[in-house]
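A quick write-up on the structure given underneath.
Note that the numbering runs from 1 along the sequence shown for the chain. If you're wondering where the values come from, they're calculated on a predicted model, not measured in any experiment.
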Amino acid sequence: TLWYAGVLALSLIAFALVIYYAAGNIFHERQDESLRSTAQTVASAYVEELAEAHSLSKAGEVVLSEITFPNRYVQLTDSAGKPLAASANLAGSTITIPAAVLADARTRGFSHATINGLRVTVVPLSTDQALGYAAVAEPLSVVEAGLRELRRYLFAGVLLVLLLASAGGYFLARKSLAPVASMNSQTQRISAENLSARLDVNNSRDELGRLATTI
């Protein structure tokens, strides 16, 4: 039973680790996709507002006053990465975006980066080089919170399955070996008291029953 429990524990732990790391990759990919979609929405709204306001900073202020996202920070920058406008929850601070990230966003149409504990997605405001970028950020702790909850579930699940399987294995082992223990006890008693006595057989059709009838 101990060997069975040990092998089962290793198998369950390996399975849980595979699930955990696969889920972690999925969580991060979905975060990036969601941030990219949000950034593209902001960029589209900015371009529409710019056509009416004809002012980069004014358009940014209007867009960010109309569009808010819980737990997400939005920043609009010029083509050099200088902040033009930011969402109110940034509280006057700015997200410093490296030039390499801006260049990658211009080349590929988007770029992801991790900056000061934030997962940041940057997209160009338009194909016009004179316009800047829309950056949307979300704390990495959002994903980490989900992973912590998953770790708790996996730990509890592995422990519960292991306990139930071990208890079941021990019960089955005792039930399976009970006839052997009974035969051993009877054999010792017969050898000490009466060599002509026969073993009591509960089921003469199984392997142990056939063995007992030949003794």
- prompt: Between Leu131 and Arg106, what is the shortest heavy-atom contact and its length?
  reply: O-NH2, 3.3 Å
- request: Starting at OG of Ser141, measure out to CG of Leu147 and round the result to the nearest 0.5 Å.
  value: 11.5 Å
field: Residues Leu12, Val161; criterion side chain to side chain contact (heavy atoms under 4.5 Å, CB included); working and verdict
entry: CA-CA 9 Å; Leu12 289 174; Val161 171; 3.8 Å; yes
message: Does Ile97 form a side chain to side chain contact (heavy atoms under 4.5 Å, CB included) with Tyr133? I'd like the steps, not just the answer.
response: CA-CA 10 Å; Ile97 305 172; Tyr133 304 88; 6.0 Å; no
message: Grouping I, L, V, M, F, W and Y whenever their side-chain heavy atoms are under 4.5 Å apart, do Leu150 and Ile13 come out in a common cluster?
response: yes
Main-chain N/O of Val7 paired to Ser11 side chain as donor or acceptor, under 3.5 Å: yes
task: State which residues pass salt bridge (charged side-chain N to carboxylate O under 4.0 Å, His left out) with Arg152; sequence neighbours excluded, sorted by chain then number.
output: none
message: Rounded to the nearest 0.5 Å, what separates atom OG1 in Thr121 from atom CD in Gln40?
response: 9.5 Å
field: NZ/NE/NH1/NH2 to OD/OE distance under 4.0 Å, Arg108 and Asp104
entry: yes
task: Under the side chain to side chain contact (heavy atoms under 4.5 Å, CB included) rule, what do Val122 and Val120 come out as? Steps first, then yes or no, please.
output: CA-CA 7 Å; Val122 181; Val120 183; 4.0 Å; yes
message: Would the distance check show the side chain of Thr77 and the main-chain N or O of Pro83 forming a donor-acceptor pair, the cut-off being under 3.5 Å?
response: no
- prompt: Can you name the closest pair of heavy atoms from Ala134 and Ala39 and give their distance?
  reply: CB-O, 3.9 Å
- prompt: Just by distance, do the side chain of Thr107 and the backbone of Ala103 share a donor-acceptor pair under 3.5 Å?
  reply: yes
query: If you group Ile, Leu, Val, Met, Phe, Trp and Tyr by side-chain heavy-atom gaps below 4.5 Å, do Val101 and Ile115 land in one group?
result: yes
- prompt: Between Gln31 and Pro139, which heavy-atom pair has the shortest distance, and what is it?
  reply: NE2-O, 3.6 Å
message: Please report the interatomic distance OG(Ser111) to CG(Asp32), rounded to the nearest 0.5 Å.
response: 10.0 Å
field: CD-NE2 distance between Glu33 and His112, expressed to the nearest 0.5 angstrom
entry: 8.0 Å
- line: Residues Pro124 and Ala43: closest non-hydrogen pair is O-CB, 3.9 Å
query: Looking only at atom types and distance, does a side-chain atom of Ser166 sit under 3.5 Å from a main-chain N or O of Leu162, one as donor and one as acceptor?
result: yes
field: pair Arg72-Ser34: side-chain heavy atoms closer than 4.5 Å
entry: yes
- request: Give the cluster check for Val123 versus Val74: same hydrophobic cluster or not, with ILVMFWY residues linked at side-chain heavy-atom distances below 4.5 Å.
  value: no
- prompt: What are the two closest non-hydrogen atoms of Ala165 and Leu8, and how far apart are they?
  reply: CB-CD2, 3.1 Å
- prompt: More than 12 heavy atoms of other residues, nucleotides or ligands under 6.0 Å from CG of Asn25: is that the case?
  reply: yes
- request: Count the heavy atoms belonging to other residues, nucleotides or ligands that lie under 6.0 Å from CG of Asn116, then report whether that count exceeds 12.
  value: no
- request: Decide side chain to side chain contact (heavy atoms under 4.5 Å, CB included) for Leu140 and Leu118; before the verdict, give the C-alpha distance in whole Å, the side-chain angles of both, and the deciding distance to 0.1 Å.
  value: CA-CA 6 Å; Leu140 289 174; Leu118 298 173; over 6 Å; no
task: Could you grab the distance from atom OH of Tyr153 to atom OH of Tyr20, nearest 0.5 Å is fine?
output: 15.0 Å
message: Test of understanding: clusters of I, L, V, M, F, W, Y form through side-chain heavy atoms closer than 4.5 Å, transitively. Do Phe110 and Tyr73 belong to the same one?
response: no
query: Hey, quick one: are Leu17 and Val143 part of the same hydrophobic cluster, counting side-chain heavy atoms closer than 4.5 Å, chains of contacts allowed?
result: yes
- prompt: Counting only heavy atoms not in Arg30, do more than 12 sit closer than 6.0 Å to its CZ atom?
  reply: no
statement: Rounded to the nearest 0.5 angstrom, the CZ-OG1 distance for Arg36 and Thr41 is 12.0 Å
message: For Ala16 versus Leu154, what's the shortest heavy-atom pair and its separation?
response: O-CD1, 3.6 Å
query: Does the pair Arg119/Glu138 count as a salt bridge with the N-to-O cut at 4.0 Å?
result: no
